[in-house]
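These notes concern the structure reproduced below.
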Amino acid sequence: MPKIPILVIAGPTASGKSALAIEMAQCFNGEIVSADSMQIYRGLDIGTAKVTAEEQAQAVHHLIDLIPMTASFSVADFVKAADEAILAIHQKGKLPIVTGGTGFYVKALLGLQNLDFQASNPEEVALLEKKSLDELVQSLKAGPQSDFIATVDLNNKQRVIRALQIQKYGLKNSASRPEYQSLVLAPDWPRQALYDRINARVELMFDQGIEKEAQQLYQAGGLSLQAGKAIGYKEFYPYFEGQGDLASVKAAIQQDSRRYAKRQLTYWRHQIPGLEWLPADQIQTELPERVSNWQKALG
RNA sequence: GGGAGUGUAGCGAAGUCUGGCUAAACGCGACGGACUGUAACUCCGUUCCUUCGGGUUCGUAGGUUCGAAUCCUACCGCUCCCA
């Protein structure tokens, strides 16, 4: 079976991925597959900078508004849903365009990441979370060792817990996945320009009424939910509990977003081999060129 | 004008009484990094300068001392209280 060509538009938050994806969809007869761990949630629109209804009218979007804000979601869920969406788009004779800020999802989608281990058991994980890191590390060391177990960061409680679950449940029968021929491009902004964009976007979110969404998420469970940890919402919780003012909430969201962008940059730089950066001030003209050359080369 | 307090690395803040173990705790920020099912998560490192030998620091200037962020003197700035 021939590889399915997909265009991936990567990059940190507020780098303009969504708009570029829409342009490419219009230009190359494509449909967009979101690779964003927060935009899959219904009701989280403003804070996740989700594409608007108008934007969705300009290009078909997949993997947005998939589940309620109280639900959990994993990379494996993403890969499964994305594979299906991409296949469907491809079969329609259209170009799948993957875009989103969740590098881990993109890495897994591109097959750069094995997902061979069994899923964790949520109840067991909840119990393990109550134990101390020390205790968890002891039981990890007491269990059967493997190459994977040896690489686990023992300071990282979350990863140690996952490792314990992997130790317990081991491998699964991995289903065969489609193979992709990908072109991965990302806008490259000067750091300060990116930060300015982030700050401005957060301002805009406040004008659009992000507080109301945050209130809903807070009431739905806040930090106890997977979605409740999203930047743009979690910073409101102390305020809802009577601490601080809106100005400090805004500043916190801006700062968390900047730091998030920094982590994303690290991820894209090192975890996605083959990713190419296009200078942001030239991307409007370079991106279509690159995509069109790529398509020609594919035949 | 009188009184009390205070000035420490990008910021906040210990250390000062009881001088050496102090290039100076800790927090924040910033930067760099990790990442196999929570990934907008979680975790790690660096953060005065350096040709890595060393050099220059704790408001400023001087003094005491073998040795000062720490003790003494003067000056400058800031805060608060009384006038």
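All values below come from the heavy atoms of this structure, side chains included, with hydrogens, waters and symmetry mates left out. Naming convention: chains lettered A, B, ... in sequence-line order (proteins, then strands); numbering from 1 in each chain.
B/A83 and B/A30: their C1' atoms are spaced 47 Å apart (whole Å). To the nearest whole angstrom, the two P atoms, one in B/A69 and one in B/U57, are 10 Å apart. Between B/C17 and B/C66, the distance separating the two C1' atoms is 24 Å to the nearest Å. Taking the P atoms as reference points, B/A61 lies 47 Å from B/U42, given to the whole Å. When the C1' atom is compared between B/U16 and B/C11, the two are found 22 Å apart, to the nearest whole Å. Distance noted for atom C1' between B/U65 and B/U73: 16 Å (whole Å). For the C1' atoms, the distance linking B/C48 with B/A23 amounts to 8 Å, nearest Å. Spacing of C1' atoms, B/U6 relative to B/G54, comes out at 35 Å, to the nearest Å.
As the counterpart of B/U42, B/A34 is assigned, both hydrogen-bonding distances of the Watson-Crick or G-U wobble pattern falling under 3.5 Å. The partner of B/C80 is B/G3, judged by Watson-Crick or G-U wobble contacts that both fall below 3.5 Å. Nucleotide B/U18: unpaired (no Watson-Crick or G-U wobble partner with both distances less than 3.5 Å). Summarising the base pairing, B/U56 is matched to no nucleotide, lacking a Watson-Crick or G-U wobble pair whose two defining distances lie under 3.5 Å. When Watson-Crick and G-U wobble pairs are counted only if both distances are under 3.5 Å, B/G62 pairs with B/C72.
The shortest side-chain heavy-atom distance between A/Glu31 and A/Lys92 falls under the 4.5 Å cut-off. No side-chain heavy atom of A/Leu110 sits under 4.5 Å from any side-chain heavy atom of A/Val98.
Against the 90° criterion about 0, the sugar-base torsion of B/G53 places it in the syn range.
Look at CG on A/Asn114: it is 14 Å from C1' on B/C35, rounded to the nearest Å. If you measure from atom CG of A/Leu112 to atom P of B/C35, you get 13 Å, rounded to the nearest angstrom.
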Practice prompt. Start with the C-alpha distance between A/Asp36 and A/Tyr41, add both sets of side-chain angles, then the distance that settles side chain to side chain donor-acceptor pair (under 3.5 Å), and finish with yes or no.
Written response: CA-CA 10 Å; A/Asp36 188 299; A/Tyr41 290 108; over 6 Å; no
Practice prompt. For nucleotides 38-44 of chain B, just jot down a letter per nucleotide in 5' to 3' order: B, S or -, based on protein non-hydrogen atoms under 4.0 Å.
Written response: BBBBBSS
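For residues 159-169 of chain A, the side chain to side chain donor-acceptor pair (under 3.5 Å) pairs, not counting sequence neighbours, are A/Ser120-A/Arg162, A/Glu124-A/Gln165, A/Glu124-A/Lys168, A/Glu124-A/Tyr169. Note on residues 7-17 of chain A: pairs passing side chain to side chain donor-acceptor pair (under 3.5 Å), not counting sequence neighbours, are A/Thr13-A/Arg201. Within the structure, salt bridge (Lys or Arg N to Asp or Glu O under 4.0 Å) pairs that include any residue of residues 49-64 of chain A comprise A/Asp45-A/Lys50, A/Lys50-A/Asp65 (at least two apart or interchain). For the ring pair (Phe, Tyr, Trp, His ring centres under 6.0 Å) condition, the pairs that include at least one residue of residues 92-119 of chain A, sequence neighbours left out, are A/Phe78-A/Tyr105, A/Phe117-A/Phe148. Listed by first and then second residue, the side chain to side chain donor-acceptor pair (under 3.5 Å) pairs involving residues 288-299 of chain A are A/Glu276-A/Arg290 (not counting sequence neighbours). For residues 131-157 of chain A, there are no side chain to side chain donor-acceptor pair (under 3.5 Å) pairs, not counting sequence neighbours. Among pairs with a residue in residues 250-293 of chain A, none fulfils ring pair (Phe, Tyr, Trp, His ring centres under 6.0 Å), at least two apart in sequence or across chains.
The phosphate of B/C35 has neither OP1 nor OP2 within less than 4.0 Å of any side-chain N or O from A/His270. For the OP1/OP2 pair of B/A30 and a distance below 4.0 Å, the side-chain nitrogens and oxygens of A/Lys262 include no atom meeting the criterion.
Taking A/Lys250 as the reference, A/Glu203 meet the salt bridge (charged side-chain N to carboxylate O under 4.0 Å, His left out) condition, with sequence neighbours excluded. The side-chain hydrogen bond (donor to acceptor under 3.5 Å, both in side chains) test applied to A/Ser248 returns A/Asp245, not counting sequence neighbours.
A side-chain donor from one of A/Tyr218 and A/Glu241 sits under 3.5 Å from a side-chain acceptor of the other.
Within residues 206-223 of chain A, no residue approaches RNA chain B, by heavy-atom distance under 4.0 Å.
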Can you tabulate the close N/O pairs, meaning under 3.5 Å, that link protein atoms to atoms of nucleotides 26-28 of chain B?
none

